[in-house]
Amino acid sequence: MGEPLLPMAGTLLKTPSLTVRSPAPVADATAVIEIAARTFGNYASFRADCAAWYVNHSHYDWDASVIGFLGDVMVTHWGVWGYRMRIGRAEVRCGGIGAVATEAAHRGKGLMARTAPHSLDRMRARGYHLSILFGIDDFYHRFGYVPAWPESRWRVKLPDLPATLPRLRGLRRIPAVPTQALVRLHNRWNAGLTGTAVRPTFLRSWSGMRKDVEAWCWGADRERPEGHVVVQAGRSRLVCAEATGAPDAALSALGALCRRKALPEIRFDTLPYRSALAARLRTLNSRHEQRYAESGAAMVRVVDLPGCLAAMAPELSARLAASELAGYRGALTLASPEETATLRLDRGRVEVARGRSAAGARSAIRGGWAVARLLLGSDAPLEVCDAGKLRLAGDATRLVPVLFPAQHPQLTLADRF
C-alpha cells in the first residue's frame with residue numbers, strides 16, 4: 001500500500017499517519033466513485049455518471065491518480081485524466097486533475113497536502129509534461145499551480161448575424177455523445193489551437209455540461225457531417241458550448257436554432273480566440289469578455305520541463321524560423337523551482353539539452369512556477385514574466401516574445417475533468 005508519510009516537523013496538530021498509493025481499476029473503483037459522489041453534486045446522479053463514463057470507461061489514469069488511507073479507510077482522492085493538449089501545432093501530454101476529494105470528517109488535517117505530491121511524482125514517471133485543473137480559490141497554488149488562462153465568452157445578437165448566411169443542407173439533431181464523426185470534426189477545426197484537447201477524451205458522454213445539452217450537425221453525408229454545434233437553451237439566449245465547420249455555416253445553424261427557440265442572442269463559451277469562428281465574430285457586432293482569476297479556475301503546472309520543451313521543439317523551431325531571429329545561434333536556459341532545461345537555437349532549429357544548470361547561463365529565464373504560463377502562452381510573454389517575477393538575463397528578453405508568444409488558450413467544456 002506504499003510507505004506511510006511521517007508528520008511534517010513543526011506542526012502544532014497531531015497529524016494522522018497516511019498511506020498513499022494508486023487505485024486499482026477493479027478493487028478500488030467503487031470506493032473512488034463513492035468518495036467523488038459524496039463530495040460533488042447530487043450523490044445519486046454523480047455516482048451514476050462516474051460509473052457510466054466519468055471514471056469508468058474514460059481516460060481516467062489509474063496509475064497516475066492517487067488515494068490516501070487512514071488504516072483501511074480511503075479518505076483522500078486526487079484524480080488524473082490523461083490526454084494530449086495542443087500548444088500551437090505541438091502536442092504535449094497533459095494530466096487533467098479532477099475529483100479532488102477529502103472525506104468530510106478528515107478535512108482540515110493537511111491530508112490532501114500529503115496526497116497530491118504522490119500523483120505529481122507518478123505523472124512525471126509516466127511521461128506527462130503539464131497538468132491542468134479547474135479548481136477552487138486559494139488552494140492549488142500550494143502545489144505549484146498558477147493561472148492558466150482567463151475564461152472566454154463571446155456574445156452576438158440574432159439581428160447582428162449576416163443576412164447572407166448560407167442555407168444548410170440537412171440540419172438535424174443528433175445524439176449528444178462524442179461519436180467518431182464529431183471527434184474528427186473537432187480535431188480538424190481545432191488543429192493548432194493552444195489549450196484544446198486532441199480527442200478522443202471522454203468516450204461516452206460530454207463533460208462539463210448540463211443534461212439538457214443538444215447536438216446538431218449538417219451536411220448531405222450523414223456519416224461525415226460538414227460541421228456541428230453543441231448548445232443549451234437558456235432563458236434569454238442560446239449557449240453554444242462548441243462549434244465546428246465553416247464559420248458562416250455554424251452561424252447559420254445557430255441562427256436557425258435561435259429562431260426555433262425564440263431566443264434573441266447567442267453566447268459562445270470557451271470559444272478559442274484564434275479559431276476561425278472567433279475571427280468571424282470579430283468582423284460582426286459582437287462582444288468578447290474574459291474573466292481573470294488570481295487563484296482557482298483554470299490553472300497549470302509544469303510536470304516535466306525538459307520533456308515539455310522537447311515535445312514543443314518542432315513548434316518552437318517553426319516560430320524561430322519565421323521570426324526576425326531566424327539566423328540566431330545560441331542557448332536559452334529555463335528554470336522552474338524543480339527543474340532546469342536548456343534550449344539550443346541554431347538558425348531556425350530548436351533542440352533541448354537536458355541537465356544544464358541555469359546558474360551560469362548567459363541567456364536564461366529564472367524564477368518560479370510561472371514558467372508554465374510562458375510555455376502555454378497564457379498572455380503577452382513579457383507581461384507573463386513581469387507578473388510571475390521571472391528574471392530574464394542575456395538575450396532572453398529578445399527570445400521570449402519569439403519562442404513563447406501569447407496563444408489565448410482555451411479548453412472546451414466537453415473535455416474538462
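Predicted model only: the values in this text are computed from it and were never measured.
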*Asks:* Hey, is Glu315 close enough to Arg86 for a salt bridge, meaning N to O under 4.0 Å?
*Replies:* no
*Asks:* Say you draw a straight line from SG of Cys385 to CZ of Arg391; how long is it, rounded to the nearest 0.5 Å?
*Replies:* 11.5 Å
*Asks:* Looking at Pro272 and Asn190, what are the two nearest heavy atoms and their distance?
*Replies:* CG-OD1, 4.1 Å
*Asks:* Under the rule for side chain to side chain contact (heavy atoms under 4.5 Å, CB included), what residues qualify as partners of Thr102, not counting sequence neighbours?
*Replies:* Thr76, His106, Arg107, Met112
*Asks:* Drop me the distance from Gln410's CD to Leu193's CG, to the nearest 0.5 angstrom.
*Replies:* 10.5 Å
*Asks:* Please list all pairs meeting ring-ring contact (aromatic ring centres under 6.0 Å, His included) that have one or both residues in residues 28-52, counting only residues at least two apart or in different chains.
*Replies:* Phe46-Tyr54
*Asks:* In terms of the angle between their ring planes, are Tyr60 and Trp81 parallel, tilted or perpendicular, with boundaries placed at 30° and 60°?
*Replies:* perpendicular
*Asks:* Tell me whether His129 contacts the main-chain N or O of Arg93 through its side chain, where contact means a donor paired with an acceptor under 3.5 Å.
*Replies:* yes
*Asks:* Would a distance-only check, ignoring hydrogens and angles, find a side-chain to backbone donor-acceptor pair under 3.5 Å from Asn187 to Arg199?
*Replies:* yes
*Asks:* Test your reading of the model: is there a side-chain donor-acceptor pair from Thr244 to the backbone of His228, 3.5 Å cut-off?
*Replies:* yes
*Asks:* How far apart are the closest heavy atoms of Thr39 and Ile35, and which atoms are they?
*Replies:* OG1-O, 2.7 Å
*Asks:* Does CZ in Arg172 sit with more than 12 non-hydrogen atoms of other residues, nucleotides or ligands closer than 6.0 Å?
*Replies:* yes
*Asks:* Which pair of non-hydrogen atoms, one from Ala396 and one from Leu332, has the smallest distance, and what is that distance?
*Replies:* CB-CD1, 3.8 Å
*Asks:* Once salt bridge (Lys or Arg N to Asp or Glu O under 4.0 Å) is applied, do any residues pair with Asp63, and if so which ones, sequence neighbours excluded?
*Replies:* Arg126
*Asks:* Under 3.5 Å, is there a donor-acceptor pair between the side chain of Ser65 and the main chain of Val80?
*Replies:* yes
*Asks:* Would you indicate whether Arg287, at its atom CZ, is surrounded by more than 12 heavy atoms from other residues, nucleotides or ligands within a distance under 6.0 Å?
*Replies:* no
*Asks:* Over all heavy atoms of both residues, which pair between Pro401 and Pro381 is shortest? Give the atoms and the distance, please.
*Replies:* CA-CG, 3.7 Å
*Asks:* Stepwise, does the salt bridge (charged side-chain N to carboxylate O under 4.0 Å, His left out) test hold for Arg301 with Glu338?
*Replies:* CA-CA 11 Å; Arg301 186 200 198 276; Glu338 292 178 338; 2.9 Å; yes
*Asks:* Counting N and O atoms only, with roles assigned by atom type, does the side chain of Thr201 sit under 3.5 Å from a partner on the main chain of Asp415, one being a donor and the other an acceptor?
*Replies:* no
*Asks:* What are the two closest non-hydrogen atoms of Ala241 and Leu413, and how far apart are they?
*Replies:* CB-CD1, 4.3 Å
*Asks:* Show which side-chain atoms of residues 258-266 pair as donor or acceptor with protein atoms under 3.5 Å away, not counting sequence neighbours.
*Replies:*
from   : atom 1 : to     : atom 2 : distance (Å)
Lys261 : NZ     : Glu214 : OE1    : 3.2
Lys261 : NZ     : Glu214 : OE2    : 3.0
Glu265 : OE1    : Arg237 : NE     : 2.7
Glu265 : OE1    : Arg237 : NH2    : 3.4

*Asks:* If we ignore angles and hydrogens, is there a donor and acceptor under 3.5 Å between the side chains of Arg280 and Thr283?
*Replies:* yes
*Asks:* Can you list the residues that meet the ring-ring contact (aromatic ring centres under 6.0 Å, His included) rule with His288, with sequence neighbours excluded?
*Replies:* Trp154, Tyr273
*Asks:* Indicate the ring-plane relationship of Tyr83 and Phe417, choosing parallel, tilted or perpendicular according to the 30° and 60° boundaries.
*Replies:* tilted
*Asks:* Is there a donor-acceptor pair closer than 3.5 Å between any side-chain N or O of Trp206 and the backbone N or O of Ala176?
*Replies:* yes
*Asks:* Is a side-chain N or O of Ser252 found less than 3.5 angstrom from the main chain of Pro166, in a donor-acceptor match?
*Replies:* yes
*Asks:* Checking Arg47 side chain against Ile33 main chain: does a donor-acceptor pair fall under 3.5 Å?
*Replies:* no
*Asks:* Closer than 3.5 angstrom, by distance alone: can the side chain of Arg319 be matched with the main-chain N or O of Val402 as a donor-acceptor pair?
*Replies:* no
*Asks:* How long is the span from the CD atom in Gln232 to the CZ atom in Arg267, to the nearest 0.5 Å?
*Replies:* 9.0 Å
*Asks:* Can you tell me how far the CD1 atom of Ile97 sits from the CE atom of Met299, to the nearest 0.5 Å?
*Replies:* 12.0 Å
*Asks:* Do Arg142 side-chain atoms and Phe139 backbone N/O form a donor-acceptor pair below 3.5 Å?
*Replies:* yes
*Asks:* If you measure from the Lys or Arg side-chain nitrogens to the Asp or Glu carboxylate oxygens, is any gap between Glu151 and Arg153 under 4.0 Å?
*Replies:* no
*Asks:* Where is the tightest heavy-atom contact between Ala24 and Trp62, given as atom of each residue plus distance?
*Replies:* O-CZ3, 3.7 Å
*Asks:* Please check if atom CZ in Arg38 has more than 12 non-hydrogen atoms from other residues, nucleotides or ligands closer than 6.0 Å.
*Replies:* yes
*Asks:* Output all residues satisfying ring-ring contact (aromatic ring centres under 6.0 Å, His included) with Tyr128, sequence neighbours left out; order by chain, then residue number.
*Replies:* none
